[in-house]
Student: 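Questions regarding the structure given below will be posed in turn.
FYI, the numbering just counts along the sequence from 1. Note that ligands are numbered from 1 as they come in the structure, with each ligand's atoms numbered from 1 the same way.
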Amino acid sequence: MSDYQVGFIGIGNMGWPMAKNILKAGGNILKSGHKLAVFDLDKTRAAKFAQEEQNAVAAAGAADLAKASNVIITMLPTGPIVRDVVEGLLAAGSLKPGTIVIDMSSSEPVGTKQLSDKLAKAGVALIDAPVSGGVPGAQAGTLTLMVGGDDAAAIERAWPVLQTMGAKLFRTGASGSGDTMKALNNYCAAANFRAVSEALAMGVKFGLDPNLVIDILNVSTGRSFTSEGAFKGQVLSGKYAAGFALGLLTKDVKIASDLAGELGVMAPMCSVVYNAFAHAREGMGYSADFTSAHKYWTRDISDKPKS
Ligand code: NAD
């Protein structure tokens with residue numbers, strides 16, 4: 001008999017479909033009679049989720065959710081927001097000893113480790129389990145999960161809950177290791193995006209058909225997740241709606257760039273990619289879709305006086 005009482009904080013682009021997949025698992029995961037509690041700063045969003053999804057309830061606040069849960073999942077924009085919310089719950093005495101907190105946001109490894117140590121003193125385990133696969137992967141329940149944490153028993157106990165949201169689960173090591181791997185992955189994805197963006201701009205300026213550039217890349221050695229997924233579907237179509245904010249991807253590359261500094265690893269390309277995305281974020285805004293960075297970068301190029 002399952003005895004998971006799950007609460008989910010952050011019903012955004014990713015959190016909504018992920019929470020929905022926990023609900024799909026129903027009685028195989030959730031304790032009989034337990035409704036999945038959801039909370040979001042945007043209360044209308046949490047209320048809408050509870051209205052649309054059976055067996056879910058919108059909690060009045062994060063503290064109410066925590067009191068009714070033995071597994072709390074956070075899917076929030078940044079590590080500092082996660083720490084604010086979870087430390088707030090700890091300070092208010094809303095986290096029972098034995099509770100497992102799973103942070104699935106893309107957070108900074110150092111902050112995660114500090115939070116993990118703090119929670120451990122109160123008998124609460126923290127698992128970092130950031131995800132990759134975007135909104136389509138979240139909807140399909142096929143996300144890649146990078147699972148770090150210091151409490152092996154808590155990870156074992158949380159595993160069936162994690163499996164409802166992901167298809168490829170990796171145990172990465174100690175607390176913060178999942179977050180480290182996630183930042184490295186998103187740095188590579190962002191660097192690929194920037195490289196394809198530059199190649200496309202050059203190809204177009206030469207007179208190549210933009211669709212042909214992407215079609216050829218996608219069956220050649222220059223292909224990548226972003227060339228296959230983002231350019232045809234979002235950039236060339238003019239949709240710019242992949243469901244991942246430019247501000248969030250920029251944050252991830254910054255985490256990787258900071259990590260290079262902390263570890264003393266030379267990673268000059270990481271700084272270049274970070275600056276490119278930070279520049280686009282300033283121009284397009286934090287909430288713009290990350291794919292619109294191409295629009296910003298190429299507008300920069302075409303605006304330059306022709307000599
Ligand atoms: P989002 O902005 O769509 O969702 C975040 C949600 O958190 C929002 O609904 C917001 O209202 C809520 N929120 C913010 N502060 C809060 C608080 N203090 N208390 C409660 N709720 C609060 O973001 P997202 O795209 O779902 O991303 C969430 C996390 O997952 C981020 O760390 C992101 O980097 C990561 N991620 C995103 C994607 C993607 O494709 N969108 C993919 C992988 C990982």
Student: Flag the pair Asp150 / Lys113 as yes when at least one side-chain heavy-atom distance between them is below 4.5 Å, and no otherwise.
Tutor: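 SC-SC contact between Asp150 and Lys113 confirmed.
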
Student: Check whether any side-chain heavy atom of Leu143 lies under 4.5 Å from a side-chain heavy atom of Ser132, and answer yes or no.
Tutor: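 SC-SC contact between Leu143 and Ser132 ruled out.
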
Student: Quick check: do Gln234 and Phe290 have side-chain heavy atoms less than 4.5 Å from each other?
Tutor: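 The answer is no, as the side chains (C-beta and beyond) never meet within the 4.5 Å cut-off.
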
Student: From atom 3 (O) of ligand 1, work out which of Ile255, Asn13, Asp289 has a heavy atom at the shortest distance.
Tutor: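 The residue whose heavy atom sits nearest atom 3 (O) of ligand 1 is Asn13.
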
Student: Does even one non-hydrogen atom of Ser132 get within less than 4.0 Å of ligand 1?
Tutor: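 No; Ser132 lies far enough from ligand 1 that no heavy-atom distance drops under 4.0 Å.
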
Student: Below 4.5 Å, heavy atoms only, C-beta onward: do Glu198 and Trp297 meet side chain to side chain?
Tutor: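 They are not in contact (no side-chain heavy atoms under 4.5 Å apart), so the answer is no.
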
Student: Considering only protein heavy atoms, which is closest to atom 35 (C) of ligand 1, and at what distance to one decimal place?
Tutor: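 The closest one turns out to be Ser106 OG, 3.5 Å.
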
Student: Would Lys251 count as a contact of ligand 1 if the rule is a heavy atom under 4.0 Å away?
Tutor: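 Contact present.
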
Student: Find all atoms of ligand 1 within a distance of less than 4.0 Å from any non-hydrogen atom belonging to Ser105, and give their numbers and elements.
Tutor: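 Counting from 1, the qualifying ligand atoms are 32 (O).
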
Student: Give the atom numbers and elements of ligand 1 that come within less than 4.0 Å of a heavy atom of Gly134.
Tutor: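 In order of numbering, the contacting atoms are 40 (O).
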
Student: Under 4.0 Å from any heavy atom of Leu76, which atoms of ligand 1 are there?
Tutor: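 Close to Leu76: 7 (O), 13 (N), 16 (C), 20 (C), 21 (N), 22 (C), 28 (C), 29 (C), 31 (C), 32 (O).
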
Student: Heavy-atom distances under 4.0 Å are what count here, so tell me which part of Leu41 touches ligand 1: side chain, backbone, both or neither.
Tutor: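 Both backbone and side chain.
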
Student: Measuring only between side-chain heavy atoms, which start at C-beta, is Phe8 closer than 4.5 Å to Ser69?
Tutor: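 SC-SC contact between Phe8 and Ser69 ruled out.
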
Student: Hey, does Pro77 come in under 3.5 Å of ligand 1, counting only N/O atoms on both sides?
Tutor: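 Pro77 vs ligand 1: N/O contact under 3.5 Å present.
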
Student: Name the closest protein heavy atom to atom 18 (N) of ligand 1, giving the residue it belongs to and the distance to 0.1 Å.
Tutor: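 Here the closest protein heavy atom is Val85 CG2, 3.5 Å.
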
Student: Heavy-atom contacts with Lys182 under 4.0 Å: which atoms of ligand 1 show up? List them by number with element.
Tutor: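 Listed by number with element: 43 (C), 44 (C).
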
Student: How about His294 and Tyr240: are their ring centroids closer than 6.0 Å?
Tutor: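 Here the rings of Tyr240 and His294 have centres that are no less than 6.0 Å from each other.
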
Student: Going by the order shown, which atoms of ligand 1 are within less than 4.0 Å of some heavy atom of Gly12?
Tutor: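 Going through ligand 1 atom by atom, the ones under 4.0 Å from Gly12 are 3 (O), 4 (O), 6 (C), 9 (O), 26 (O).
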
Student: Quick check, are the ring centers of His279 and Tyr296 under 6.0 angstrom apart?
Tutor: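 Yes, ring centres under 6.0 Å apart.
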
Student: Go through ligand 1 atom by atom and flag the ones less than 4.0 Å from a non-hydrogen atom of Phe244.
Tutor: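 This gives 34 (O), 37 (C), 38 (C), 39 (C), 40 (O), 41 (N) as the contact atoms.
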
Student: With Lys182, which of Asn186, Asp179, Thr180 fulfils side chain to side chain donor-acceptor pair (under 3.5 Å)?
Tutor: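 Among Asn186, Asp179, Thr180, the one meeting side chain to side chain donor-acceptor pair (under 3.5 Å) with Lys182 is Asn186.
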
Student: Give the other cluster members for Val124, using side-chain heavy-atom distances under 4.5 Å between Ile, Leu, Val, Met, Phe, Trp and Tyr residues; answer none if it is isolated.
Tutor: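 So far as hydrophobic clustering goes, Val124 is joined with Ile9, Phe39, Leu65, Ile72, Leu76, Ile81, Val82, Val85, Val86, Leu89, Leu90, Leu95, Val101, Leu115, Leu119, Leu126.
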
Student: Without swapping roles, check the side chain of Asp289 against the backbone of Gly243 for a donor-acceptor pair under 3.5 Å.
Tutor: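 Between the backbone of Gly243 and the side chain of Asp289 there is a qualifying donor-acceptor contact (under 3.5 Å).
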
Student: Counting both backbone and side chain atoms, is some N or O of Gly10 under 3.5 Å from an N or O of ligand 1?
Tutor: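 The answer is no, given that Gly10 and ligand 1 share no N or O pair closer than 3.5 Å.
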
Student: Which residue owns the protein heavy atom closest to atom 41 (N) of ligand 1, what's the atom, and how far is it?
Tutor: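 Looking only at protein heavy atoms, the one closest to atom 41 (N) of ligand 1 is Gly243 O, 2.9 Å.
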
Student: Can you tell me which portion of Asp84 lies within the under-4.0 Å heavy-atom range of ligand 1? Options are side chain, backbone, both, or neither.
Tutor: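 Under 4.0 Å from ligand 1, Asp84 contributes no heavy atoms.
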
Student: Considering only the protein, which heavy-atom contact is closest to atom 43 (C) of ligand 1, and what is its distance?
Tutor: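 Here the closest protein heavy atom is Val131 O, 3.5 Å.
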
Student: Using ring centroids (six-membered ring only for Trp), state whether Tyr187 and Tyr274 fall under 6.0 Å.
Tutor: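 Tyr274 vs Tyr187: aromatic centres not under 6.0 Å.
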
Student: Are Asp117 and Lys121 ion-paired here, with the side-chain N under 4.0 Å from a carboxylate O?
Tutor: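 Salt bridge between Asp117 and Lys121, a charged N being under 4.0 Å from a carboxylate O: no.
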
Student: Report the nearest protein non-hydrogen atom to atom 26 (O) of ligand 1: residue, atom name, distance rounded to 0.1 Å.
Tutor: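 I find the closest protein heavy atom is Met14 N, 2.9 Å.
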
Student: Give yes if a backbone or side-chain nitrogen or oxygen of Asp40 is under 3.5 Å from a nitrogen or oxygen of ligand 1, and no if not.
Tutor: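 Yes, since at least one N or O of Asp40 sits under 3.5 Å from an N or O of ligand 1.
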
Student: Considering only non-hydrogen protein atoms, determine which one is nearest to atom 30 (O) of ligand 1 and report residue, atom name and distance to 0.1 Å.
Tutor: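 The closest heavy atom on the protein side is Met75 CE, 2.9 Å.
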
Student: Return the residue, atom name and 0.1 Å-rounded distance of the protein heavy atom closest to atom 23 (O) of ligand 1.
Tutor: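 It is Leu248 CD1, 3.6 Å.
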
Student: Thinking salt bridges, do Lys48 and Asp42 make one under a 4.0 Å N-O criterion?
Tutor: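 Looking at Asp42 together with Lys48, the answer is no, because their closest N to O distance does not fall below 4.0 Å.
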
